[in-house]
Amino acid sequence: MLEKTNVIYFENELEDEFSRSQITPKKIDKDYCYLGGLGRRLGRLFFYHILAKPIAFLYLKIKYGHRIVNRNVLKEVIRACV
């Protein structure tokens, strides 16, 4: 037999808290830096360019036999967009 349960709906995440912790939100205005510091940029460089791109390339190559035809034209288009 199913027991009757109470359903609690959250309306305000900053004040609807059942624990004793206090939440202090960060102020995000026009001066907030979304890019992060040097550590975030180096981490993004490492994980994306050194780790993720080669893994994705190998996965596409092995699983689907993917290859790019006329890569030089693609490089010119990418340079024009940057």
In Å and rounded to the nearest 0.5 Å, what is the CD1 to CG distance from I55 to L60? 12.0 Å
Quick check: do R44 and H49 have side-chain heavy atoms less than 4.5 Å from each other? no
So CG of L51 and CG of L45: to nearest 0.5 Å the spacing works out to 11.5 Å
Distance check, rounded to the nearest 0.5 Å: F57 atom CZ versus H66 atom NE2? 9.0 Å
Here the gap from K75 atom NZ to N70 atom CG, rounded to the nearest 0.5 Å, amounts to 11.5 Å
Between CG of L38 and CZ of R41, what distance do you get to the nearest 0.5 Å? 6.0 Å
When rounded to the nearest 0.5 Å, the distance separating OH of Y64 from CD1 of I62 is 12.5 Å
Should we say atom CG of D29 is surrounded by more than 12 heavy atoms from elsewhere, each under 6.0 Å from it? yes
